[in-house]
Engineer: 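One structure, pasted below without further comment.
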Amino acid sequence: MALELVNSILIALAISLDCFVASFGYGLSKIKIPFRSLLVITFVTTFMLGVSILLGWLLAGLIDIEISKWISFSILLAIGLFKLFNELIKCFLSKLVKRERPVRFKLLNFRFMVKVYTDNSKADADDNKVISPIEAMLLSFILSVDQIGVGLSHGMTSSMPYILILLNILTCVFSVYLGSFIGKKVSRIIKINLSWVSGFMLIVLAVIGLFI
């Protein structure tokens, strides 16, 4: 039980790094995240995580425990590798998006969503230096991509998956506030890339998961 709790804490920290980095960028750009937008980010990311955990738990009941562990390992490993090479993927997508013809509805087109993925500060679609609840919702879905895979993996192997949901709420709120605060305090020339840290943590957790 103690090992599972530690594992859940580490997973929550790993998936909250995206929220921290996004908020850090907003702080640098002096973009505010109102409390109601923070609630949207927390609710959407936690909801997506909870649904994926539930799905993983349901699948675990149909699959042998050893097979579940290897599937969980594969999912976390894939996400971890994706995060390790995140900057290269973002660079490729940025070049791809530049070739597309602009579309009218910014919040509803693929081009804009990819822009937000490659640069989270672009979620401020109307450039008013405030992340509205609608903009926060789009950002939340983009930040939830990793959490869906992690939740599915965790739900298949954990005996207390609800712990991760509670931890996600706490770490998400803390990461947004801390990232925004630090971003406001440091110079604009500083860039931060923690994707590789998140990726490395998920790969390590994938290996540890085989022995829990």
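Scope of the values below: all heavy atoms of this structure, side chains included, with no hydrogens, waters or symmetry mates.
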Engineer: Rounded at 0.5 Å granularity, tell me how far OG1 in Thr45 sits from CD1 in Ile169.
Structural biologist: 8.5 Å
Engineer: Looking at Ile148 and Ser52, what are the two nearest heavy atoms and their distance?
Structural biologist: O-CB, 3.2 Å
Engineer: What are the two closest non-hydrogen atoms of Gly50 and Ile165, and how far apart are they?
Structural biologist: CA-CD1, 3.9 Å
Engineer: Sub-3.5 Å donor-acceptor pair from the side chain of Thr42 to the main-chain atoms of Leu39, do we have one?
Structural biologist: no
Engineer: Side chain to side chain contact (heavy atoms under 4.5 Å, CB included) between Leu139 and Glu135: does it pass, once the steps are laid out?
Structural biologist: CA-CA 6 Å; Leu139 176 65; Glu135 292 168 341; over 6 Å; no
Engineer: At their closest point, which heavy atom of Ile33 faces which heavy atom of Ser23, and how far apart are they?
Structural biologist: CD1-OG, 3.9 Å
Engineer: Mind checking whether Phe43 and Met48 sit in one hydrophobic cluster, side chains of I, L, V, M, F, W, Y counted as touching below 4.5 Å?
Structural biologist: yes
Engineer: Show the nearest heavy-atom pair for residues Lys32 and Pro34, with the distance to one decimal.
Structural biologist: O-CD, 3.5 Å
Engineer: Would Val51 end up clustered with Val44 when hydrophobic side chains under 4.5 Å apart are linked, directly or stepwise?
Structural biologist: yes
Engineer: Rounded to the nearest 0.5 Å, what separates atom CZ in Phe20 from atom SG in Cys172?
Structural biologist: 13.0 Å
Engineer: Measure the spacing between CG of Leu152 and CG of Leu59 and express it to the nearest 0.5 Å.
Structural biologist: 6.0 Å
Engineer: What heavy-atom pair brings Met156 and Gly56 nearest, and what distance separates the two atoms?
Structural biologist: CG-O, 3.3 Å
Engineer: Could you state the interatomic distance from SG (Cys19) to CZ (Phe174), rounded to the nearest 0.5 Å?
Structural biologist: 13.0 Å
Engineer: Does Ser37 reach the main-chain N or O of Ile131 with its side chain, forming a donor-acceptor pair under 3.5 Å?
Structural biologist: yes
Engineer: Membership question, hydrophobic clusters at under 4.5 Å side-chain separation (ILVMFWY): are Phe47 and Ile41 in the same one?
Structural biologist: no
Engineer: Report the distance from atom CG of Leu38 to atom OG of Ser140, rounding to the nearest 0.5 Å.
Structural biologist: 9.5 Å
Engineer: Would the distance check show the side chain of Thr171 and the main-chain N or O of Asn168 forming a donor-acceptor pair, the cut-off being under 3.5 Å?
Structural biologist: yes
Engineer: Shared ILVMFWY cluster between Phe35 and Tyr26, side chains joined below 4.5 angstrom?
Structural biologist: yes
Engineer: So, for Ala12 and Leu167, which heavy atoms are closest and what is the spacing to 0.1 Å?
Structural biologist: CB-CB, 3.8 Å
Engineer: Distance from Leu170 atom CG to Leu13 atom CG, nearest 0.5 Å?
Structural biologist: 11.0 Å
